[in-house]
Amino acid sequence: MQTPTTFAQTRTILIGTALMMSLSMGMRQSLGLFVTPMTHDLGLTTADFTFAVAMQNIVWGLSQAPIGAFADRYGMRPAMLTGAALYVLALGIMSAAGGTIAPMPALTISGALLGIALSCTASSLAMTACARAVPEERRSTMLGVVSAFGSLGTLMIAPAVEGLLGHWNWHVGLGFFLMLSAVMLPAAFFSGGADKLPRRGSNQATMREVLGQAVRHRAYLVMSGAYFVCGLQLIFLTTHLPTYLAICGQSPMLSAEALATIGGVNCIGSWFAGWLGNRFPKYQLLGLIYILRSIVLTAYFIAPPTATTTLIFAATMGMLWLGVIPLTSGFVAELFGTRYMATLLGISFVTHQVGSFLGAWGGGLIYDATGSYDRAWQTGVAIGLVAGVVQIVAGAPPRPRDTVPAAVFAAE
């Protein structure tokens, strides 16, 4: 049983973690709403803007493991506070595009800084803080709960910023983002309280030993490789869905409503995925998510979109959206414990962000070259089906006698 003090600490950590992740991911997933107004105002192509988004994602992927290692060694609070401050700086530089800084350098620099900020404030460190704050028997469910609350950002931010963009210049929308990013500072401080929680169990493994085990661990490697398709599909949608709906003659507000619907329904989807993760093999659930996403994408894009089909599509995707976060986080914690969880999640996240880079920039390149998104979504669907099957068939963890003794990774 937790003491009252420990319970109060845990509650504060979980609230701070959910708020930080909600704001960080909510703003990041709403950036696609700025594509049309900013490209028109600044004289850029779609590929120009999406290159900056792609830069954000590749830097996020490359920086996640080093930042995770820093957090594991020196504490999550300094990493999270630094990330929140960088979020403010990045948005400030983005708002200067076309003014004191030329558009492309401003967007590229902003994208790189946002990538580092997301490494500090988004899913990997947030899920590590949550995993360390709760007992093992409740871990998967609580990872789902925090991820669910983290989805509220998209639900509220997307329609709010689209309302601003519908009446004022895009600078006003970025000003709104700046205010939200400032709120992340206290949220990061409270989330970083996980550093002060007492460790349960003892850890006899060094980081080098854990990493050596990870690079030879088939289940971890398969999960990390399949993670590529998650980034590819989701960032393609958040970046290009607004443009796709615009060229199909739909209202600009529909894209914001779709993103909000994804965020709202994902509150249920993330919780449900965490709940299922306590009852069924996580590797199989991950593969099923990738396959179902591909089926839903195909069903939506094979016919011209309407408001009704778009919102149904958004609701269905919301159930499948960030459910991978509690599943991958819980799977890594099951395999290796939580002592170096931030580092291991960061390494696996590299492939996710390579997919995100290609989903954002590649989608823009295909659209500029062909005037259509057909080849882009078809590619995403094909890769998703393959990744899902491989995850289910080859992603099972080894039998207990083949693993490193649990005492090695017992630091929870």
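All values reported here derive from a predicted model rather than from experimental measurement.
Contact record, A273 with L327: O-CD2, 3.4 Å, taken as the closest heavy-atom pair. Across all non-hydrogen atoms, the minimal contact from I392 to G287 is CG1-CA, 3.8 Å. Of all heavy-atom pairs spanning A387 and V229, the tightest one is CB-CG1, 3.8 Å.
Aromatic pair Y244/H240: ring centres not closer than 6.0 Å.
The backbone N or O of L344 lies less than 3.5 Å from a partner atom in the side chain of Y220, making a donor-acceptor pair. Put simply, the side chain of Y283 never gets that close to the backbone of P397: no donor and acceptor are under 3.5 Å apart. A donor-acceptor distance shorter than 3.5 angstrom exists from the side chain of Q250 to the backbone of P305, with no hydrogens or angles considered. Judged by distance alone, the side chain of S24 and the main-chain N or O of M21 form no donor-acceptor pair under 3.5 Å. A donor-acceptor pair under 3.5 Å is formed between the side chain of T370 and the backbone N or O of I366. Using modelled atom types, no side-chain atom of S270 and backbone atom of C267 make a donor-acceptor pair closer than 3.5 Å. Judged by distance alone, with hydrogens and angles left aside, the side-chain atoms of T351 form no donor-acceptor pair with the main-chain N or O of Y227 at under 3.5 Å. Judged purely by atom type and a 3.5 angstrom limit, S329 has no side-chain atom pairing as donor or acceptor with the backbone of P326. In this structure, the side chain of S348 engages the main chain of L345 through a donor-acceptor pair within 3.5 Å. Under the 3.5 Å distance criterion, the side-chain polar atoms of T17 are matched with a main-chain donor or acceptor of I13.
Taking Y367 as the reference, Y373 meet the ring pair (Phe, Tyr, Trp, His ring centres under 6.0 Å) condition, with sequence neighbours excluded.
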Exercise for the section: Could you give me the CA-CA distance, side-chain angles and deciding distance for L19 and L23, then say whether side chain to side chain contact (heavy atoms under 4.5 Å, CB included) is met? Expected result: CA-CA 6 Å; L19 178 58; L23 293 172; 4.0 Å; yes

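Between atom CG of residue L234 and atom CH2 of residue W321 there is a gap of 4.5 Å, rounded to the nearest 0.5 Å.
Side-chain contact check for L125 versus T121: every heavy-atom pair is 4.5 Å or farther apart. Inter-residue side-chain proximity for V332 and M223 is flagged as met; some heavy-atom pair is nearer than 4.5 Å. Within the 4.5 Å cutoff, the side chain of Y290 has no heavy atoms near those of the V386 side chain.
Just one of L232, I262, L297 meets the side-chain contact (heavy atoms from CB on, under 4.5 Å) condition when paired with L237; it is L297. Partner M319 forms a side-chain contact (heavy atoms from CB on, under 4.5 Å) with one of V265, N266, I289 and no other, that one being V265.
With no hydrogens or angles considered, a side-chain donor-acceptor pair links Q64 and W60 at under 3.5 Å.
Evaluation of the salt bridge (Lys or Arg N to Asp or Glu O under 4.0 Å) test over residues 308-335, restricted to residues two or more places apart or in two chains, returns K282-E334.
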